[in-house]
Engineer: 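Below: one structure in structure tokens.
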Amino acid sequence: EEGSFENLRRVENHLPAQDAMFTFIGPDTHLLQKAAEKIGRPSDRDPALASMRGGGSWRHIGERHYFEICGRSRPIGYVSGVDASADEQTQRHCRLMVEFMATQLGMLCENAVLVEQMRELTRRDALTGLLNRRALEDVVRTVIRQQCAATLFMIDLDNFKAINDRFGHTTGDEVLKAVARSLSTGMRGCDAAARFGGEELVVVLRDVDLGEARAAGESLRRRVEHLDWQEFGLEWPITVSIGASPRLPADVELGDWLRR
């Protein structure tokens, strides 16, 4: 559950992952196990073993003691390597090993999240939050490689220059963002929307024929037109013009598709 590991006993029963020393529980235990393999087991004489301890705490769950693997805002899993039947000295040593592993895993997982967030930022248009042109080209390459049935929309905001000239570029930016939000609202998970440049937007609809694409395009056109444009200080509704083109077997890149 989001932000909670209170049901760990149930999770442990269904999602255990174990190597020679450590047992993991959490949303993705096998990922934690793979990460632990990359970290490796610390040497018994490693000075970091006694000094590096994460911000987590111990919990007694079932027959084992588990230590939190802490992310920045919440636990991301638990790790155990303490045998309750072992002598006190062995248990103390095992606890140090577990705390060391939990700290390393927490940092590794958080770094992976940050890298993925940065990667996602490089794929997004800063103003609208839609994909940028480079990311759109990646989507199109995938569609062409997989030979998917797909239709591409080229969407242009009508009279957009007049909006900028009369109301200013700040209002123009807000209009673009509103259209982008409306566009994203009606999309499926397999579809992709991008800002191609200026006021031109592109949508790739997968697994649709031209008739279905036309219906989707008309729905989008009406959705944009019926937004409350008066809240932006506009005296007329914003409309869009949409061109639709199905993917053809001869298409080898985005440009082939757009030219039609």
Engineer: Closer than 3.5 angstrom, by distance alone: can the side chain of Asp125 be matched with the main-chain N or O of Thr128 as a donor-acceptor pair?
Structural biologist: yes
Engineer: Going by the ring-ring contact (aromatic ring centres under 6.0 Å, His included) test, which pairs reach into residues 170-200, not counting sequence neighbours?
Structural biologist: none
Engineer: For Glu225, enumerate each residue passing the side chain to side chain donor-acceptor pair (under 3.5 Å) test, keeping only those at least two apart in sequence or located in another chain.
Structural biologist: Arg221
Engineer: What residues, two or more places apart in sequence or in another chain, satisfy side chain to side chain donor-acceptor pair (under 3.5 Å) together with Asp256?
Structural biologist: Arg259
Engineer: Arg223: which residues meet the side-chain contact (heavy atoms from CB on, under 4.5 Å) condition with it, sequence neighbours left out?
Structural biologist: Ser182, Ser219, Leu220
Engineer: Tell me, please, which residues at least two apart from Glu235 pass side chain to side chain donor-acceptor pair (under 3.5 Å).
Structural biologist: Arg166
Engineer: Tell me which pairs pass side-chain hydrogen bond (donor to acceptor under 3.5 Å, both in side chains) where either residue lies in residues 205-217, with sequence neighbours left out.
Structural biologist: Gln146-Arg206
Engineer: Glu174: which residues meet the salt bridge (charged side-chain N to carboxylate O under 4.0 Å, His left out) condition with it, sequence neighbours left out?
Structural biologist: Lys177
Engineer: Could you work out, with side-chain contact (heavy atoms from CB on, under 4.5 Å) as the rule, every residue matching Arg141, not counting sequence neighbours?
Structural biologist: Glu137, Asp138
Engineer: Can you tell me which residue pairs pass the salt bridge (charged side-chain N to carboxylate O under 4.0 Å, His left out) test with a partner in residues 149-158, sequence neighbours excluded?
Structural biologist: none
Engineer: Can you list the residues that meet the side-chain contact (heavy atoms from CB on, under 4.5 Å) rule with Arg145, with sequence neighbours excluded?
Structural biologist: Thr142
Engineer: Which residue pairs pass the ring-ring contact (aromatic ring centres under 6.0 Å, His included) test with at least one member in residues 140-193, sequence neighbours excluded?
Structural biologist: Phe167-Trp236
Engineer: Can you list the residues that meet the side-chain contact (heavy atoms from CB on, under 4.5 Å) rule with Ala192, with sequence neighbours excluded?
Structural biologist: Leu131, Val139
